[in-house]
Amino acid sequence: MFETKASAPIGVFDSGVGGLTVAREIIRQIPNERIVYFGDTARVPYGSKSKDTVKRYSRQIVRFLLTKDVKAIVVACNTASAFALEDLISEFDIPIIGVIKPGAKAAVENTKTKRIGVIGTEGTIRSAIYTEVIHEYDREAIVLGKPCPLFVPLVEEGWLHDRVTDEVACRYLNEFKDRDIDTLIMGCTHYPLLRSTIMKTMGENVFLVNPAYETANSLKRLLDENNISSPEDLIPKSEMYDFYVSDAPRKFVDFANSIMPVEVETATQVNIEEY
Ligand code: DGL
């Protein structure tokens with residue numbers, strides 16, 4: 001039986017830096033929670049890898065996070081949520097949530113036309129997981145998917161507001177234009193950082209769903225329901241968040257400090273293949 005202390009940290013993992021968009025929503029929405037974050041910077045990207053590979057990587061990371069005595073795990077990566085979440089939930093005796101269900105639910109709750117667009121990595125879109133989950137909430141919804149792989153390197157290059165990024169966004173998103181979607185799921189960790197570019201391209205009448213935001217919200221509910229929400233202000237802020245990576249900690253720290261609401265001083269490198 002799963003037992004834990006409410007003051008234990010939340011494990012959050014991603015293929016690299018992208019999942020920090022989820023970590024920062026958790027920090028904003030549930031600031032009392034400690035976080036142990038793992039970014040698989042040695043093996044990123046997951047978006048172009050096979051399901052079996054992503055499942056193997058995800059299992060290793062969960063095993064690593066369990067050594068940090070986490071009380072729950074958030075699969076912050078859309079691709080890992082698409083390919084591995086189901087298996088992780090059945091294999092490990094700890095609450096685990098991904099980013100797909102919260103994002104899909106928010107889209108269904110918002111759409112009026114029942115026409116929903118989804119953008120993500122090749123893996124996420126190929127898996128059709130968003131369509132599957134959206135149909136669990138509403139069988140009639142029409143879901144249109146589009147992989148946008150170049151968004152990831154553009155974000156990591158810091159080109160959040162740039163003519164090149166505008167051009168790439170136009171090319172990718174144009175096909176949604178005459179298809180009457182009123183809701184678009186930003187189904188990849190990096191895409192919320194391109195929110196203003198995506199909004200400019202799609203027009204203000206299309207509602208953008210940020211699965212990172214929705215996931216932090218779901219996590220809050222999960223912790224409450226399991227009676228494992230952290231008690232108030234137990235630890236100094238500087239000790240609340242621990243970051244681990246599988247490669248290049250300096251680069252990770254620089255990116256983290258460009259988007260996080262707290263200062264990230266270090267990231268510890270671990271050999272994830274050992275887990
Ligand atoms: N984190 C991945 C996702 O949300 C994007 C980067 C990658 O391809 O690994 O799907």
Side-chain angles (χ1 to χ4, degrees), residues 11-26 37-58 60-62 65 73-86 88 96-104 106-107 117-133 145-160 165 168 172 184-195 198 208-216 218 243-248 251-252 255-256 259-260 272:
V12 178
F13 81 87
D14 178 53
S15 55
V17 293
L20 291 170
T21 57
V22 178
R24 72 177 183 171
E25 290 297 342
I26 297 172
Y37 182 97
F38 180 84
D40 200 357
T41 48
R43 305 187 294 193
V44 67
Y46 283 10
S48 51
K49 295 204 167 61
S50 70
K51 185 171 185 171
D52 281 349
T53 299
V54 173
K55 280 207 254 186
R56 184 169 71 82
Y57 291 173
S58 301
Q60 286 178 321
I61 298 168
V62 169
L65 289 172
I73 290 177
V74 177
V75 184
C77 178
N78 285 256
T79 312
S81 296
F83 285 163
L85 182 67
E86 236 185 13
L88 297 177
I96 305 181
I97 62 165
V99 287
I100 310 278
K101 207 170 177 185
V118 184
I119 50 176
T121 64
E122 281 154 3
T124 301
I125 300 303
R126 195 169 11 98
S127 77
I129 184 85
Y130 272 106
T131 312
E132 199 181 294
V133 179
K146 171 83 185 169
C148 303
L150 289 175
F151 280 169
V152 168
L154 287 167
V155 167
E156 295 196 8
E157 200 58 30
W159 294 7
L160 304 185
T165 310
V168 171
Y172 279 146
L184 179 66
I185 302 176
M186 298 185 284
C188 171
T189 46
H190 294 58
Y191 300 0
L193 296 169
L194 295 177
R195 184 186 194 99
I198 296 170
L208 300 182
V209 174
N210 179 357
Y213 174 88
E214 305 300 335
T215 301
S218 297
F243 298 88
Y244 294 87
V245 290
S246 47
D247 199 10
K251 202 165 171 230
F252 176 90
F255 187 90
I259 68 157
M260 292 295 275
I272 197 65

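Because the structure is a prediction, the values reported are computed rather than measured. Values reported hereafter were calculated over all heavy atoms of this structure, with side chains retained and with hydrogens, waters and symmetry mates removed. For ligands, and for the atoms within them, numbers begin at 1 and follow the listed sequence.
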Problem set entry | Side-chain heavy atoms of Lys55 within contact of Gln60, under 4.5 Å | no

Exercise. Does any N or O atom in Thr79 lie less than 3.5 angstrom from one in ligand 1, N or O only?
Worked result: yes

Problem set entry | Tyr46/Phe83 under ring-ring contact (aromatic ring centres under 6.0 Å, His included): CA gap, chis, key distance, verdict | CA-CA 10 Å; Tyr46 283 10; Phe83 285 163; 9.5 Å; no

For this session: Could you walk me through whether Asn78 and Thr124 pass the side chain to side chain donor-acceptor pair (under 3.5 Å) test, one step at a time?
Result: CA-CA 7 Å; Asn78 285 256; Thr124 301; 5.6 Å; no

Exercise. Using heavy atoms and a threshold below 4.0 Å, how should the contact between Val44 and ligand 1 be classified: side chain, backbone, both, or neither?
Worked result: side chain

Exercise. Of all the atoms in ligand 1, which lie at a distance below 4.0 Å from a heavy atom belonging to Ser15?
Worked result: 1 (N), 2 (C), 6 (C), 7 (C), 9 (O)

Exercise. Parallel, tilted or perpendicular: which describes the rings of Tyr37 and Phe252, with under 30° parallel and over 60° perpendicular?
Worked result: tilted

For this session: Please indicate whether Lys146 has more than 12 foreign heavy atoms, meaning atoms of other residues, nucleotides or ligands, lying under 6.0 Å from its NZ.
Result: yes

Exercise. Is there any N or O on His190 that sits under 3.5 Å from an N or O of ligand 1?
Worked result: no

Exercise. What are the two closest heavy atoms between Trp159 and Thr165, and how far apart are they?
Worked result: O-OG1, 2.7 Å

Exercise. Of all the heavy atoms in Gly47, does at least one lie under 4.0 Å from an atom in ligand 1?
Worked result: yes

Exercise. Can you tell which part of Asp14 has a heavy atom less than 4.0 Å from ligand 1: side chain, backbone, both or neither?
Worked result: side chain

For this session: Nearest heavy atom to atom 3 (C) of ligand 1 wins, so pick from Thr21, Asp40, Val152, Asn78.
Result: Asn78

Problem set entry | Atoms in ligand 1 with a heavy atom of Cys188 nearer than 4.0 Å | 3 (C), 4 (O), 5 (C)

Exercise. Is there a donor-acceptor contact under 3.5 Å from the side chain of Ser58 to the main chain of Val54?
Worked result: yes

Problem set entry | Residue Thr121 vicinity, atoms of ligand 1 by number, heavy atom under 4.0 Å | 5 (C), 8 (O), 10 (O)

